[in-house]
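I have placed the structure first, in the form of structure tokens, so that the comments after it can refer back to it.
We use all heavy atoms of the structure for the numbers below, so side chains are in, but hydrogens, waters and symmetry mates are not.
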Amino acid sequence: VCGCLGPGSCGRCRRAAYCGPEHQALDWRRGHRRSCGQRAAGDDLADAIPEHNEFLFPEYEILIEPEEPEFPADSTDDEQGAVDTSKDTKEQEELGAAGIADDALQSLDEDTLEAMAKHETEEEKIFQMFKKQVAAEPEQIIRYCRGGEGPLWVSGENRPEEKDIPNCVCGAKRIFEFQIMPQLLNHLHVDSLGESIDWGTLVVYTCADNCGGGNKYLEEFIWKQDYSVGCT
């Protein structure tokens, strides 16, 4: 019902095929319980299985173009920094008025406070760079750059080290090839399934030697990075 290989089937009618129990349970709630077993054995399978748009992601055409290096002229680092500073000051004043910030800060030593401030500043800088790059191409869903510049990270946390990327099945190292951007989530309408998915970016690493598998698919490696707690 979802377009993937369905090795399992409905135990009652044996006509609806499923990739796993999750889609079988969802299909049962969405109407298969009413249609199951109502058709004669000789009926065409296509007539027995209705369209399941709730299972299938919509199809789009992907346009491939070189990424423009220029950033919007009205979004300089100095201006962005001023906005961020103003926002932080306002939030600090609100916490202080409630009597929460002072009590929390007094319980921490100076070294801890300095480390926290540096971490927050670095995270904000990384995320602002991500937003600035995305602003140049807000509809971009995939960034491709094999063997060159690395991925555009949304956070300084949860980045893979070289040891975290397993070698290809041929023994060669895997290198960054492309990343899937979070803008894609706007087009997939995943909330309609009741269990939404989310990511900051999905980074795909493929064989550096570009080994071939003939007519077979080769397993590659993907790294999922979520937004950090401080990203807004």
Handout entry: Under 3.5 Å side-chain donor-acceptor pair for Thr201 and Gln179
Key = yes
Exercise for the section: For the residue pair Cys4 and Tyr18, establish whether any side-chain heavy-atom pair is separated by less than 4.5 Å. Expected result: no
Exercise for the section: Taking all heavy atoms of Arg174 and all of Glu219, pick out the closest pair and write down the distance. Expected result: NH2-O, 2.9 Å
Practice task
Locate the shortest heavy-atom distance separating Trp199 from Met181; write the atom from each residue and the value.
Solution key: NE1-O, 3.4 Å
Problem - Fellow cluster residues of Val169, listed by chain then number, with links counted only when side-chain atoms sit under 4.5 Å apart - result: none
Practice task
For residues Pro138 and Gln183, report the shortest heavy-atom separation together with the two atoms involved.
Solution key: O-CG, 3.4 Å
Handout entry: Pairwise side-chain contact, Cys13 with His32, heavy-atom cut-off 4.5 Å (strictly under)
Key = yes
Handout entry: Carboxylate-amine/guanidinium proximity below 4.0 Å for Asp226 and Lys224
Key = yes
Exercise for the section: Tell me whether Leu152 is reachable from Ile126 by hopping between hydrophobic residues (I, L, V, M, F, W, Y) whose side-chain heavy atoms are closer than 4.5 Å. Expected result: no
Completion exercise
Heavy atoms of Glu157 and Ser155 approach each other most closely as N-OG, 3.0 Å
Exercise for the section: Among Ile, Leu, Val, Met, Phe, Trp and Tyr joined by side-chain contacts under 4.5 Å, find the other residues sharing a cluster with Tyr205 and list them by chain and number. Expected result: Trp153, Ile165, Phe176, Val203, Phe221, Trp223
Handout entry: Gap separating the CG atom of Asp209 from the SG atom of Cys168, nearest 0.5 angstrom
Key = 8.0 Å
Under 3.5 Å, sequence neighbours excluded: what are the donor-acceptor pairs made by side chains of residues 57-65?
residue : atom : partner : partner atom : Å
Tyr60   : OH   : His187  : O            : 3.1

Exercise for the section: Look at the side-chain heavy atoms of Ile, Leu, Val, Met, Phe, Trp and Tyr, link any pair under 4.5 Å apart, and say whether Leu202 and Leu184 land in one connected group. Expected result: yes
Problem - Note, Leu185 side chain near Asp198 side chain (heavy atom, < 4.5 Å) - result: yes
Fill in the blank from the handout: Between Gly200 and Pro182, the two heavy atoms sitting closest are O-CD, 3.0 Å
Problem - Main-chain N/O of Gln24 paired to Asp27 side chain as donor or acceptor, under 3.5 Å - result: no
Practice task
Report yes if the side chains of Cys211 and Leu218 come closer than 4.5 Å at any heavy-atom pair, otherwise no.
Solution key: yes
Handout entry: Path from Ile175 to Ile222 over hydrophobic side-chain contacts below 4.5 Å
Key = no
Practice task
Enter the distance from Cys36:SG to Arg15:CZ here, rounded to the nearest 0.5 Å.
Solution key: 10.0 Å
Problem - Any Arg12 side-chain heavy atom under 4.5 Å of Trp28 side chain - result: yes
Handout entry: Closest approach of Gln133 to Arg143 (non-hydrogen atoms, all atoms of both residues)
Key = NE2-NH2, 4.1 Å
